[in-house]
**Student:** 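Following this message is one structure expressed as structure tokens.
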Amino acid sequence: MGGHSVLLNLPVELAAEIAAAVERGEYASESDAVLGAVEEWRAQRQAEAIGEGELRRLVQEGIDSGPGLFESFEDIRAEARRRFHGA
């Protein structure tokens with residue numbers, strides 16, 4: 001994935017938590033873990049910006065679209081890992 005590199009200086013405790021999450025296999029790399037946190041932050045900001053009415057409409061749209069491809073977030077992670085490793 002291409003992108004813009006950013007150098008971060010994190011408190012030791014946060015850096016240790018990120019490293020532990022990678023070690024547990026929750027993320028493929030420390031960069032992926034930080035990217036995940038930034039994406040969650042962005043999603044939260046977007047949810048706050050669109051308002052409750054629009055959020056309810058979007059949730060209903062998702063429900064109306066039928067079942068998804070995955071049954072759980074762990075299934076999504078497994079698929080991401082499979083794609084990442086080229087399986």
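Index from 1, following the sequence.
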**Student:** Glu61: what forms a side-chain contact (heavy atoms from CB on, under 4.5 Å) with it, not counting sequence neighbours?
**Tutor:** Arg57, Leu58
**Student:** For Ile50 and Glu54, work out which heavy atoms get closest and say how close.
**Tutor:** O-CB, 3.4 Å
**Student:** Side chains of residues 21-29: which donor-acceptor partners sit under 3.5 Å, not counting sequence neighbours?
**Tutor:**
{"unit_1": "Arg24", "atom_1": "NE", "unit_2": "Glu26", "atom_2": "OE2", "d": "2.5"}
{"unit_1": "Arg24", "atom_1": "NH2", "unit_2": "Glu26", "atom_2": "OE2", "d": "2.8"}
{"unit_1": "Ser29", "atom_1": "OG", "unit_2": "Ser31", "atom_2": "N", "d": "3.4"}
{"unit_1": "Ser29", "atom_1": "OG", "unit_2": "Asp32", "atom_2": "N", "d": "3.1"}

**Student:** How long is the gap from CZ on Arg83 to CD on Glu79, to the nearest 0.5 Å?
**Tutor:** 4.5 Å
**Student:** Which pair of non-hydrogen atoms, one from Ala33 and one from Ile18, has the smallest distance, and what is that distance?
**Tutor:** CB-CG2, 3.8 Å
**Student:** Under the side chain to side chain donor-acceptor pair (under 3.5 Å) rule, collect the residues that match up with Glu71, sequence neighbours excluded.
**Tutor:** none
**Student:** Taking only residues at least two apart or on different chains, which pairs with a member in residues 39-51 satisfy side chain to side chain donor-acceptor pair (under 3.5 Å)?
**Tutor:** Gln44-Glu48
**Student:** Evaluate the side chain to side chain contact (heavy atoms under 4.5 Å, CB included) criterion for residues Glu52 and Arg56: first the C-alpha distance (whole Å), next the side-chain angles of each, then the deciding distance (0.1 Å), finally the verdict.
**Tutor:** CA-CA 6 Å; Glu52 184 179 340; Arg56 286 183 185 277; 2.8 Å; yes
**Student:** Please identify each residue that fulfils side chain to side chain donor-acceptor pair (under 3.5 Å) with Glu74, with sequence neighbours left out.
**Tutor:** Arg81
**Student:** Only pairs at least two apart or in different chains count here, so list each side chain to side chain donor-acceptor pair (under 3.5 Å) that has a residue in residues 9-20.
**Tutor:** none
**Student:** By side chain to side chain donor-acceptor pair (under 3.5 Å), which residues pair with Arg77, not counting sequence neighbours?
**Tutor:** none
**Student:** Hey, quick one: are Val38 and Val6 part of the same hydrophobic cluster, counting side-chain heavy atoms closer than 4.5 Å, chains of contacts allowed?
**Tutor:** yes
**Student:** Run through the side-chain heavy atoms of Ile, Leu, Val, Met, Phe, Trp and Tyr, join any pair under 4.5 Å, and report what else lands in Phe73's cluster.
**Tutor:** Leu69, Phe70, Ile76
**Student:** Going by the rule side-chain contact (heavy atoms from CB on, under 4.5 Å), which residues pair with Val12 if we only count those two or more places apart in sequence or in a different chain?
**Tutor:** none
